[in-house]
Amino acid sequence: MKKYKVIALSALITAGVTSCELTEKPTSYYEKDTYFQTLDQAKMSVIGIYDCLAIDKHYGQFEMAMPASDDTYYIQGTGTDNTRRDIAHYMVRPTNTWIASAWEYKYLGIDRANFAIDGIEQMDGFEENTSLKELVAQARFLRAFLALDLIKYWGDAPFKTTYTAGYEESFTGRVNREEIYEYIIADLNFAKENLQKGNASLSPEVPSQSAAHALLMRVYLQRAGYSLQQDGNLTRPDDAKRKEYFNAVITEWTAFRNKGYHDFYEGSFKQLFMGYSAGTLNSKESLWEIAFNPTGAGYKDNSGTWATYNGPAVEAPGKNAGADAMGRANAFFRVLPAWKDFFEPSDERRDVMVCTYRYKWSASEAKHYAEENKVTDWYPGKWRREWMPGGFVDPNNTGVNYCPLRYADVVLMTAEAYNETGNTPKAWELLNMVRTRAKATPITDANYSSLLKAPQVYDLPYIEDGDAAGKFRTALYWERGFELAFEGQRKYDLLRWGILGDALKFFQTNMDTALKGKYVAGDKFVKGKHELFPIPLAELQANPALNNQNNPGYE
């Protein structure tokens, strides 16, 4: 059962926003210098950061569109909407309202983190108080998580670690992403020593020390890869620096394993994801979950749309629906159907990743599902209404958590680092641990071609596999898709590997003919532009420190 340790605030703790600063103090405003008097007040300041993530305009819904489209899924409908479809189909403009909301909530979360960190650190007895240090560690972990989003989405972006106390402090210019990385690493180094250790009683809605190690691993891999620079060139660090980052990943993995506890979920892959939809907290494989706990009128406060906007479709409940009926699922996203055939039949992940049915209502029966013959109506299946407890208030909103960090991802990140530092046998050992859990055949030299070449999968023209390291990179390409599709990492894997545009175009060329005009990412993607999002136009106009300069390719 869920034990919500992260809850909504009834009153806003901080008055700081982004560049749109309030001119008058609201009734819920607290002076920073006098607020931090008790442990409960310190806790509330940190809850305010979580609250920025757990709303529909951030990780509850809008973030679902940010990692789409990739080579596994896309969004239904190609008409411009200035929101989710334009993001997913690489038609985004600086006026996009979802991009503007993402910008706002990331900076609001960072500013609340700055407020909490500085305020708690100034409290009497901070250095000797482990509870206060753990709260600062949570705040620094969350600040690092949001700052990494800034780099992934906007590259060199405004960033600071001081609280915005007034209008004059609201406007700052771009900070080089390498400098932001250093702040992120410092935050996570503190967090990995001062967060609680993972254990069965610690809710995954609160990050553990292991979550900080895992996020550091992601940071180092991201930093070692390609990224779009302000001059429009896609570059990555030199080989020596990349090796340093890969070795840092291995160092974090060693510390992660030494701390013990986290491992693969004891049940099947399907049971793992059924648990997410059912609201069952899983502290073994989940290193951290962003919590959603719908409250208030209309079931909207602190709700998300996981399992409804990114799961199989469910028609609106009929007029005779009982109190325990399933709510609606609008199912905006579609899976690229070729992936169903890429899996081995024994691989448990296939029928979780690709859902080929939807729920319909009829007069004669309350609900039933119908197999969908049209491949254009196959859905991402990791989150589903049918796996949720019966009953609903709002037909689309849910309390399903989102897990941005889980153990299988950590194992695959480590495998990548070992391969890139010359220990490919160790890399295979780790990758095959993930496959074994899923009941897929471990990959060897003998079966490499039958499992990772056509006709089982596509032959990839953008990854050389003429040597051992190249064969592993090919296997990793497929394995991270099999294991982590729709979980927010795929697009940014392809980007840091320098093949995002290539993969989009290749999959569009090879897609089922029924998808013609529906999956358009390959045609729309522009290299040297769409690796980053535009800075929102309103921010560009309001902030003189940005010098009216948007990211490459955006007018």
State whether a side-chain donor-acceptor pair under 3.5 Å links [X] with [Y].
X: Asn423; Y: Thr421; value: no
X: Ser268; Y: Glu348; value: no
X: Asp51; Y: Asn302; value: yes
X: Tyr181; Y: Arg223; value: no
X: Asp70; Y: Thr72; value: yes
X: Tyr407; Y: Ser210; value: no
X: Gln456; Y: Trp478; value: no
X: Asp149; Y: Tyr59; value: yes

*Can you label the angle between the Tyr492 ring and the Tyr153 ring as parallel, tilted or perpendicular, going by 30° and 60°?*
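Tyr492 and Tyr153: tilted rings.
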*Assign the ring pair Phe525 / His530 to parallel, tilted or perpendicular, where the plane angle (0 to 90°) is split at 30° and 60°.*
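Plane angle between 30° and 60°, so tilted.
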In plain terms, say whether [X] and [Y] are close enough for a salt bridge, that is, a side-chain N and a carboxylate O under 4.0 Å apart.
X: Glu104; Y: Lys57; result: no
X: Glu464; Y: Arg473; result: no
X: Lys241; Y: Glu178; result: no
X: Lys192; Y: Glu252; result: yes
X: Asp493; Y: Arg496; result: yes
X: Asp445; Y: Lys471; result: no

Are side-chain heavy atoms of [X] and [Y] found at a separation under 4.5 Å?
X: Asp111; Y: Lys160; result: yes
X: Tyr73; Y: Trp339; result: no
X: Arg349; Y: Val434; result: yes

*Do the side chain of Asn550 and the main chain of Ile535 share a donor and acceptor less than 3.5 angstrom apart?*
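Yes.
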*Determine yes or no for a side-chain-to-main-chain donor-acceptor pair under 3.5 angstrom, with Asn247 supplying the side chain and Glu244 the backbone.*
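Here the side-chain-to-backbone pair does not exist.
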Taking the six-membered ring for Trp, are the ring centroids of [X] and [Y] within less than 6.0 Å of each other?
X: Phe292; Y: Tyr402; value: no
X: Tyr418; Y: Trp253; value: no
X: Trp288; Y: Phe141; value: yes
X: Phe486; Y: Phe273; value: no

*asked:* So, taking the atom named CE in Met123 and the one named CG in Leu39, what distance separates them when rounded to the nearest 0.5 Å?
replied: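 The distance works out to 7.0 Å.
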*Among Glu429, Glu479, Glu483, whose salt bridge (charged side-chain N to carboxylate O under 4.0 Å, His left out) with Arg435 holds?*
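Among Glu429, Glu479, Glu483, the one that satisfies the salt bridge (charged side-chain N to carboxylate O under 4.0 Å, His left out) with Arg435 is Glu479.
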*Hey, which of Glu128, Glu127, Glu193 is the one that makes salt bridge (charged side-chain N to carboxylate O under 4.0 Å, His left out) with Lys133?*
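For Lys133, the salt bridge (charged side-chain N to carboxylate O under 4.0 Å, His left out) test succeeds with only one of Glu128, Glu127, Glu193, which is Glu127.
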*Flag yes if more than 12 heavy atoms outside Tyr183 fall under 6.0 Å of its OH atom; otherwise flag no.*
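Not buried by this count: 12 neighbours or fewer within 6.0 Å.
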